[in-house]
Amino acid sequence: MTLIVRNIGRLVTCSPALGEGPLGVIVGGALVAEGERITWVGRERELVAPAGADELDARGRAVLPGLVECHTHLLFAGDRSEEFARRLRGDSYEPGGIHTTVRATREAAEAELFRLAEERLSRCREFGVTTVEVKTGYGLDAASEARLLDLILRLPGTVPTLLAAHIVPAEFESDPEGYVDLVCREIIPEAKGRAAFCDAWCEAGGGFTVEQCRRVLQTGRLAGLRLKLHAEQLSHLGGAALAAELGATSADHLEHATAEDARALSRSGTVAVLMPGASMMTRTPYAPARLLAEHGVPIALSTDCNPGTSYSENLQLAVALGCALLGLAPEEALLGVTANAARAVGLEARKGRLEPGWDCDLVVLDGRSEVDLAYHYGVNLAAQVVSGGRLLGSSSS
Ligand code: NIG
Ligand code: FE
């Protein structure tokens, strides 16, 4: 199947070499895909249209790469709206709330968990998100973590991350090392060849120490998984330095990161995944995005979609918040949900750009400029979404 997208006011390739500025914008652009892959992008007046192609008329609007959501905890059951309401009345966010979700997720039937995740993923797609990283982490025993990983592997368009070291489960409260042993001896070996990434939460008050995270991540790496780390979210513990030391693909959160952390992450080429929505909804400090950017750390943005700190599937909103609350320029924020987010999930050679050879995942924006994602905020600007060369929501998809 061949697809031609015509009449694109601004084709935002996110490949600087292909057009103007840091986003590689082609004004008056067109795009051709054969099957799942892009085969041509350029100015429409230079297009040699292949015969028999399906055509999509962008009607002068902007076209962007399908958005990449690089950090979610969307596979869970249960409801924590009461906990959220208590916070709005004055309580502060406590990692312990995760236990509520663990209980509900362990108890939930497989079909119910799958339905909940599918519903959330389809909401992501409506916002123009065509790739979604999904973490385990609400199982916290060998069987439950394996079950969550099985479910993620059945969800199309996802990148599976093992987050068995999310929090110390209640039954190991007095023996966190015992749980780290279980993670390293049983849960990670089970995930070998199945999860793409190994992640951990480096945090006091229920999370894991730097030494425990080092053990988990080194074991993950030996099992062939790439590395991510929840670092410096609620306090400064040394997770960012650890992520840099281990050459992790991404260090996530970083609200309490320092200039020294920024230098280390820049040297290791680790992507900083920032989630302004989580800070906003927990009324905690924002990540030092400008400091990270000034040190040359690649920045990605995410919703952090999870039931505790940030329950939203709207990655477009993360772009607006990245600009308004973290001080990013619109082009920085946009690269944060496209090319840099693809790099954060190890898919930089397939996703996050509109370039020949990349997957044909794209969004026709309900707006003339990509800046609208930050400017016209809080609404859904995805007019049409193409994933793997197919228009979603049409009869041919
Ligand atoms: O990314 N940092 C750790 N985990 C989540 C919160 C999970 C929850 O509260 O359920 C986060 O913010
Ligand atoms: Fe998270």
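First listed ligand is number 1; within each ligand, the first listed atom is number 1. This is a predicted model, so every value here is computed, not measured.
A salt bridge links R214 with E211: at least one charged nitrogen is closer than 4.0 Å to a carboxylate oxygen. Using a 4.0 Å cut-off between a side-chain N of Lys or Arg and a carboxylate O of Asp or Glu, E112 and R115 qualify as a salt bridge.
Proximity of a side-chain donor or acceptor of K351 to a complementary backbone N or O of P65 within less than 3.5 Å is not detected.
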Review item, side-chain donor-acceptor pairs of residues 176-189, under 3.5 Å, at least two apart:
unit_1, atom_1, unit_2, atom_2, d
E177, OE1, R215, NH1, 3.3
E177, OE2, Q212, NE2, 3.0
Y179, OH, A164, O, 2.7
D181, OD1, R215, NH1, 3.3
D181, OD1, R215, NH2, 2.6

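At the Fe ion (ligand 2), the angle from OD1 in D304 to NE2 in H71 is 80° when rounded to 10°. The NE2 atom of H73 and the NE2 atom of H230 subtend an angle of 100° at the Fe ion (ligand 2), given to the nearest 10 degrees.
Evaluation of the side-chain hydrogen bond (donor to acceptor under 3.5 Å, both in side chains) rule for H236 yields D261 as partners, not counting sequence neighbours.
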Which protein N or O atoms sit under 3.5 Å from any N or O of ligand 1? Give atom names and distances.
unit_1, atom_1, unit_2, atom_2, d
ligand 1, 1 (O), H73, NE2, 3.2
ligand 1, 1 (O), H230, NE2, 3.4
ligand 1, 1 (O), H253, NE2, 3.0
ligand 1, 1 (O), D304, OD1, 2.9
ligand 1, 1 (O), D304, OD2, 2.9
ligand 1, 2 (N), Q233, OE1, 2.6
ligand 1, 4 (N), H166, NE2, 2.9
ligand 1, 9 (O), R80, NH2, 3.0
ligand 1, 9 (O), Y93, OH, 2.5
ligand 1, 10 (O), R80, NH1, 2.7
ligand 1, 10 (O), Y138, OH, 2.6
ligand 1, 12 (O), Q233, NE2, 3.1
ligand 1, 12 (O), D304, OD2, 2.9
ligand 1, 12 (O), T309, OG1, 2.8

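Contact of the E313 side chain with the E69 side chain is not registered, since no non-hydrogen atoms from C-beta on lie closer than 4.5 Å.
Applying the salt bridge (charged side-chain N to carboxylate O under 4.0 Å, His left out) test to residues at least two apart or on different chains, the pairs with a partner in residues 330-347 are R290-E332.
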